[in-house]
There are 2 protein chains.
Amino acid sequence: MRLTTKGRYAVTAMLDLAFHSRVKPVTLTEIATRQTISLSYLEQLFSRLRRANMVIGVRGPGGGYKLSRGAEEISISDIILAVDEQVDLTNCEQKSNCQNGQPCLTHDLWMGLSDTVRNYLDGITLKQLLDQADVQAVAQRQDSDVQQIMQFRDAETIGMALK
Amino acid sequence: MRLTTKGRYAVTAMLDLAFHSRVKPVTLTEIATRQTISLSYLEQLFSRLRRANMVIGVRGPGGGYKLSRGAEEISISDIILAVDEQVDLTNCEQKSNCQNGQPCLTHDLWMGLSDTVRNYLDGITLKQLLDQADVQAVAQRQDSDVQQIMQFRDAETIGMALK
DNA sequence: TAATAGTTGACTATTTTACTAGGTTATGTG
DNA sequence: CACATAACCTAGTAAAATAGTCAACTATTA
């Protein structure tokens with residue numbers, strides 16, 4: 001289990017997706033601008049996420065991405081494991097028969113540590129993070145949130161008007 | 001908080017150190033051979049660990065490294081944070097005033113997630129891992145361990161004889 | 001059929017990782 | 001004191017991971 005910026009990008013993007021895709025699919029362009037992540041990098045990440053059955057891509061106009069299942073059924077570890085391809089963190093691969101026993105000692109320890117972190121992140125779902133987000137948003141940035149909502153509504157109205 | 005192979009190397013080395021430095025300091029050469037980590041890489045890691053006051057270097061013959069405090073007072077997160085220099089995992093550095101609120105939302109969430117992982121690893125000490133190690137070692141590889149000790153003694157005897 | 005948006009692959013720059021080579025300094029022992 | 005030892009330091013380097021670009025292609029909907 002690795003924990004790097006790559007994983008953070010993926011979690012952030014999935015969180016954005018979960019937050020905005022309730023009504024209709026969300027385009028990567030939207031996520032890219034909102035989260036200031038390069039579009040092409042997002043494409044790479046979502047290519048993996050799609051192959052891991054985390055998201056569903058909808059082509060054509062009005063298309064985009066949506067979650068393949070409920071936000072309460074997607075764990076953070078799912079996301080990280082999907083994008084952070086499983087390189088072997090240990091030198092002695094899979095098996096526990098290293099040269100002289102001693103390396104295996106720490107091997108096992110690290111595997112246990114890694115497992116525990118994964119299990120922990122397994123227990124946190126996108127839904128939980130979303131709820132946390134709601135609380136924090138309401139508590140800390142009510143003002144700016146309202147402004148944002150207004151802006152969002154304006155944007156939608158403008159969108160409707162243009163049609 | 002990042003979780004990469006670099007951190008694993010450091011934890012492994014510290015674990016080896018804690019395990020062997022009860023009597024006298026342990027040389028990096030010993031750790032390098034036991035854990036099959038390059039000596040110079042270990043030097044780099046221990047340079048950081050020393051500056052972070054995790055270990056004490058003893059120069060000259062019979063020298064080596066020893067823990068600066070008890071194994072029960074060194075947490076895994078201490079070790080990882082010491083070697084994995086603190087690059088900003090978030091785009092919006094330190095402050096929470098990003099362009100449009102929305103990024104900050106996920107920013108906070110990630111910070112929280114990262115914090116929780118750190119807190120978790122904060123709760124695991126070298127001592128705890130050692131105890132785990134004892135159990136596993138005793139249970140699984142008593143034979144090979146004895147053989148190793150014998151080999152180690154042989155090597156020392158040969159060394160003495162050559163002098 | 002034209003615009004949209006996903007999908008794919010190849011390619012590039014930067015950073016981090018892991019390691020090498022070569023020194024210098026401090027220190028205990030013969 | 002000389003010498004071996006081992007920390008300590010500096011610079012460089014190859015490989016990998018990260019982050020991103022570019023361009024072509026395909027499915028879909030209006």
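The structure presented is a predicted model; accordingly, all values stated were derived computationally and were not measured. Labels below follow one simple rule: chain letters A, B, ... track the order of the sequence lines, proteins then strands, and each chain is numbered from 1.
At whole-Å resolution of the value, CG in A/L45 and P in D/dT21 are 13 Å apart. To the nearest angstrom, C1' of D/dC9 lies 13 Å from CG of B/L39. In this structure, CD of A/Q35 is placed 13 Å from P of D/dG20, rounded to the nearest angstrom. Between the CZ atom of B/R48 and the P atom of C/dA18 there is a distance of 12 Å, rounded to whole Å. To the nearest angstrom, C1' of D/dT18 lies 14 Å from CG of A/L42. Here the C1' atom of nucleotide C/dT17 and the NZ atom of B/K6 are 7 Å apart, to the nearest Å. One can place CD1 of B/I31 at 15 Å from P of C/dC19, the figure rounded to the nearest angstrom.
Note on B/T27: only backbone sugar-phosphate atoms sit closer than 4.0 angstrom, heavy atoms only; bases stay farther off. A/L28 comes within contact range of the sugar-phosphate backbone alone, with a heavy-atom separation under 4.0 Å but no base atom that close.
Between B/V83 and B/V58, the one whose closest nucleotide on DNA chain C sits nearer the 5' end is B/V83. Mapped onto DNA chain D by nearest heavy atom, A/S40 and A/G62 fall at different nucleotides, with A/S40 at the one closer to the 5' end.
For D/dC8, the OP1/OP2 oxygens have a side-chain nitrogen or oxygen of B/Y65 closer than 4.0 Å. At least one side-chain nitrogen or oxygen of A/S38 sits closer than 4.0 Å to the OP1 or OP2 atom of D/dT21. Phosphate contact (OP1/OP2 of D/dA19, side-chain N/O of A/T5, threshold under 4.0 Å): present. The phosphate of C/dT8 has OP1 or OP2 within less than 4.0 Å of a side-chain N or O from A/R50. Remark: A/Y41 is not in phosphate contact with D/dG20, judged by side-chain N or O atoms under 4.0 Å from OP1 or OP2. Taking 4.0 angstrom as the limit, B/T4 places none of its side-chain polar atoms (N or O) nearer than this to OP1 or OP2 of C/dT16.
Aromatic ring pairs are classed by plane angle as parallel below 30°, tilted from 30° to 60° and perpendicular above 60°; the pair B/Y65 and B/F46 is tilted.
Put simply, the side chain of A/I76 does not reach to within 4.5 Å of the side chain of A/Q128, judged on heavy atoms.
For the residue pair B/S77/B/S75, the side-chain donor-acceptor check at 3.5 Å is satisfied.
A donor-acceptor pair is defined here as one N or O able to donate and one able to accept, closer than 3.5 Å; such a pair exists between the side chain of B/T33 and the backbone of B/E30.
By the 4.0 Å N-to-carboxylate-O rule, A/R118 lies too far from A/D122 to be salt-bridged with it.
The shortest non-hydrogen separation linking A/T125 to A/A71 is CB-O, 3.8 Å.
Counting only heavy atoms from C-beta on, A/Q44 has its side chain closest to C/dA10 among D/dT18, C/dC19, C/dA10. The side chain of B/Y9 approaches C/dA18 more closely than any other nucleotide in the set D/dT29, C/dA18, D/dA17.
With hydrogens and angles left out, the side chain of A/E43 and the base of C/dG6 share no donor-acceptor pair within 3.5 Å. Donor-acceptor pairing under 3.5 Å, judged by distance alone, is absent between the side chain of A/R59 and the base of D/dT29.
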